[in-house]
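Since the structure is predicted, the reported quantities are computational estimates derived from the model, not experimental observations. Letters A, B, ... are given to chains in the order of the sequence lines, protein chains preceding strands, and every chain is numbered from 1.
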Amino acid sequence: MAGRVIFDENKCKGCELCTTVCPVKIVVMDKERINVKGYHPATVKEMDKCTACSSCAKICPDVVIKVERL
Amino acid sequence: MAVVFDKTKGLTDKPFHYCPGCTHGIIHRLVAEVLEELDLVDNAIGVAPVGCAVFCYDYFNCDMHEAAHGRAPAVASGVKRVHPDKTVFTYQGDGDLASIGAAEIIHSAMRGEKFTTIFVNNAIYGMTGGQMAPTTLVGQKATTAPLGRDENHAGMPLRVSEMLATIPKAVFVERVSVHDVKHINQAKKAIKKAFQTQMEGKGFSIVEVLSTCPTNWGKTPVESLKWLQENMMPYFPLGNFRTPEEEK
Ligand SMILES: Cc1ncc(C[n+]2csc(CCOP(=O)(O)OP(=O)(O)O)c2C)c(N)n1
Ligand code: SF4
Ligand code: SF4
Ligand code: SF4
Ligand SMILES: [Mg+2]
């Protein structure tokens, strides 16, 4: 099942919890950029692998992530 | 295209002030999703604690009331007695509920006050900088126990759920955790059952949620989830301690 995740990036606090629960390991911290809070935000590089499982969204303490099933 | 996960209407748009990776945020979301799913956003009245969650009145999208440290159960008792048609809850930390507010929670349970308590146990006083709580584990370091809690000096950590489960009118008592997605899902189910117990007029209900405090534990958020699982869960076992009789 194909999915897509959307990050409300400026709410991200760089805690990395979402990177530990993705079954296809596509959630990573973007070390190239910082958000308005000054953190490296979480991002997804290979979106085509997303299964829309919502694990990343459920463990995010700051409700940064929205998940869609395509 | 279908949206399978989005921010619940039970939360306002205000960003949380919590430290990075603090699981207070996960617990807020679960409570707020239950408020939405049970159609309580316009009905519920929450009571905020003193502790890191002191500003939760800004985050839950229902009516909220602040209480003095530990006194949320007393405020909730009054609110529920005046508004028996409303669904009333307290959100309290372990310093708030298990030390200064121990009398209030015990006697609210004893009286069978028909509100729900969300009890966030992170084994420390988070807001004030990491002092020992009644729930701090033996050997766990705190600013007031720099060598770790010594049981001969400070006693053994208080198991609040087990204690409250001995009270006849505490009809729903469950301990859950939010250290991984499976347990987060289970925690939400327990919170929903607790609110439903209240809505059915059955008595006092409480869900104890094991939570992290990366800042005062001196660990990263990811290490903190592991520390919770390896150190808190053996002493604070998860499970249901009380469910209303007819549902057993
Ligand atoms: C009457 C009173 N005594 C003491 C305090 C100081 N105080 C503020 S928060 C707190 C403890 C908070 O710990 P906890 O309830 O575990 O919440 P956490 O921050 O860990 O979520 C204390 C002792 C206070 N605000 N009021
Ligand atoms: S929804 Fe699931 S598969 Fe997609 S990024 Fe999040 S954790 Fe990974
Ligand atoms: S869990 Fe949330 S706040 Fe933490 S890094 Fe991921 S998106 Fe950012
Ligand atoms: S001090 Fe601890 S409990 Fe308070 S917001 Fe920070 S991590 Fe959370
Ligand atoms: Mg605490």
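Enclosure of atom NZ in B:Lys226 is not indicated, since only 12 or fewer non-hydrogen atoms of other residues, nucleotides or ligands lie within 6.0 angstrom.
Here B:His17 and B:Phe55 bring their ring centres to under 6.0 angstrom of each other.
Neither the backbone nor the side chain of B:His24 comes within less than 4.5 Å of any heavy atom in chain A. Proximity to chain A is limited to the side chain of B:Asn185, based on heavy atoms less than 4.5 angstrom apart. Heavy-atom distances place no part of A:Ile6 under 4.5 Å from chain B, backbone and side chain included. Residue contact with chain A, scored on non-hydrogen atoms closer than 4.5 Å, involves the side chain of B:Leu225 exclusively. B:Leu11 touches chain A through its side chain: at least one heavy atom from C-beta onward sits under 4.5 Å away, while N, CA, C and O do not.
At least one side-chain heavy atom of B:Val31 sits less than 4.5 Å from a side-chain heavy atom of B:Phe89.
Between B:His28 and B:Phe60, the angle of the ring planes lies from 30° to 60°, which puts this pair in the tilted group.
Residue pairs satisfying the salt bridge (charged side-chain N to carboxylate O under 4.0 Å, His left out) criterion with at least one member in residues 46-56 of chain A, sequence neighbours excluded, are listed as follows: A:Glu46-A:Lys49.
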Report, one line per pair, each donor and acceptor closer than 3.5 Å where one atom sits in a side chain of residues 7-24 of chain A; sequence neighbours left out.
residue	atom	partner	partner atom	Å
A:Glu9	OE1	A:Arg33	NH2	3.0
A:Glu9	OE2	A:Arg33	NH1	2.9
A:Asn10	OD1	A:Val36	N	3.1
A:Lys11	NZ	A:Val63	O	3.2
A:Lys13	NZ	A:Asp62	OD1	2.8
A:Lys13	NZ	B:Phe16	O	2.9
A:Lys13	NZ	B:Tyr18	O	2.6
A:Thr19	OG1	A:Glu16	O	2.6
A:Thr20	OG1	A:Leu17	O	2.7

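Counting heavy-atom pairs closer than 4.5 Å to chain B, the top residue among A:Ser54, A:Ala57, A:Ser55 is A:Ala57. Options B:Pro15, B:Gly25, B:Ser224, B:Ala2 differ in how many heavy-atom pairs under 4.5 Å they form with chain A, and the most are formed by B:Ala2.
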